[in-house]
Amino acid sequence: MESYTESFEKIVSEQLARLEKIKASPEYTDFAKLDKIVVGIINGDGIGPYIMAHAVKVLNTLLGEEISSGRVELRNIEGLTLENRVAKLKTLPDDVLAQIKQCNVLLKGPTTTPDKSAGLPNLESANVALRRELDLFANVRPVSIPEKGINWIFYRENTEGEYVLGSRGVDVNDEMSIDFKVITDAGTKRIAKAAFEYAKNNGNLNVSIITKANIMKKTDGKFKDICYEVAKGYPQIKTDDWYVDIAAANLVNPQMQKNFNVFVLPNLYGDIITDEAAQIQGGVGTAGSANIGGSYAMFEAVHGSAPRMIADGLTDYANPSSILKAASMLLRHIGFSEKAQRLESALAKARTAANVTGFADGDTAEKFMAVLLENL
Ligand code: IPM
Ligand code: MG
């Protein structure tokens, strides 16, 4: 067996190679300029296929003309299921990844991460693997509550931090284990640039950098420094920084909520804080998520596959809002802003008319969808 010092050496050289790859990675693709856009449809596990069926219906309705003319293709990607991944003992079976790479953008339902506690092999999360394989470095998550003056957008770094080696920690011996967190200059620069560009293009919104640089001095320290470095290119934008603990508190502080606009944050804090923000908006079932890279983009719900809802027979009550919000972000990303706007207005009306809570005392997704489709 490999010693832990050998494992560590290997990890360091792999991470240095990853850094070089980031430096050589392509600029954004402008999908609006492509002759043909292939949208891969990945249903996912658990409640995934149920909520995705609603989203596909909406895309077919909104993109009817473009689909008929061949400008847009909705392509089903089979095989990214828990069963197939467990059978192949591979998070992203080769043939499935090859199909995915033939698409330009993806709409993806939540996928279940198998683990030991369920008696399954301990495979890596498909989300995390896809984000890495397709180099989807910016996880963009908007939260908006107009009546409270809340208009937030989170730029979560999506490929490094605690996640990049999350499945590759080292058991030093039976009594001690070590995990790793990796932050690079190039990896931070590109997420910071994406956040500041968004802030600039939307009327010079405030940018808040979130870290725990008082404790994680090397990695978060670097993240904070690089973000401030990038901020120098945007002198008109008000930039500040917060530690993640007080940021979490301020998000629920009515006196502070309105002051925040754009957040830029490393991967794990972004994961946690965006669930909190989604909850403030009305629950994780209401928030969409975009994973953007230079060559590909993937749009998904913020929440997981909700195996408990399946076990409790609650699939009819699964809220499709989050995946529909993701679908509207996809439409905007590929150049159909007006259709995205139509979907967002219909979503707002459906939310008012039907209260889908994920529980049997709430409304069903069917009731919600009837209002939405009527208003599309
Ligand atoms: C998210 C999810 C994922 C993450 C899980 C499913 C791996 O919580 O997209 O926020 O941790 O990033
Ligand atoms: Mg999360």
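Atoms within a ligand are numbered from 1 in the order they appear, just like the ligands themselves.
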Kindly list each side-chain donor-acceptor pair under 3.5 angstrom involving residues 275-282, sequence neighbours excluded, with atom names and distances?
residue, atom, partner, partner atom, Å
Q281, OE1, S144, N, 2.9
Q281, NE2, T286, O, 3.4
Q281, NE2, T286, OG1, 3.0

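Taking the ring centre of Y296 as origin, the terminal cationic atom of R132 falls outside the region bounded by 6.0 Å and 45° from the ring axis.
Taking the six-membered ring for Trp and thresholds of 30 and 60 degrees, F196 and Y234 have nearly parallel ring planes, at less than 30 degrees apart. Taking the six-membered ring where tryptophan is involved, the planes of F263 and F154 are essentially parallel, since the angle between them stays under 30° and well short of 60°.
Remark: minimum distance from atom 4 (C) of ligand 1 to any protein heavy atom is reached at Y163 OH, 3.4 Å. Looking only at protein heavy atoms, the nearest one to atom 8 (O) of ligand 1 is D271 OD1, 3.2 Å. Nearest protein heavy-atom neighbour of atom 6 (C) of ligand 1: N127 ND2, 4.1 Å.
Taking distances strictly below 2.8 Å, the protein N/O/S atoms close to the Mg ion (ligand 2) are D271 OD1.
L80 pairs in a side chain to side chain contact (heavy atoms under 4.5 Å, CB included) with only one of the listed residues (L130, L106, L97), which is L130. For the salt bridge (charged side-chain N to carboxylate O under 4.0 Å, His left out) criterion with R131, the lone passing option out of E300, E160, E124 is E300.
At a heavy-atom distance under 4.0 Å, only side-chain atoms of R156, from C-beta outward, approach ligand 1. The proximity of R131 to ligand 1, defined as any non-hydrogen pair under 4.0 Å, is limited to the side chain.
Remark: ligand 1 and R141 share an N or O pair separated by less than 3.5 Å (distance only, no angle test). Ligand 1 has no nitrogen or oxygen under 3.5 angstrom from a nitrogen or oxygen of S125.
Pairing each heavy atom of M216 with each of Y269, the nearest pair is CG-OH, 3.9 Å.
Side-chain N or O atoms of D135 include none that pairs as donor or acceptor with a backbone N or O of G293 at under 3.5 Å. In terms of modelled atom types and a separation under 3.5 Å, the side chain of N173 and the main chain of M176 share a donor-acceptor contact.
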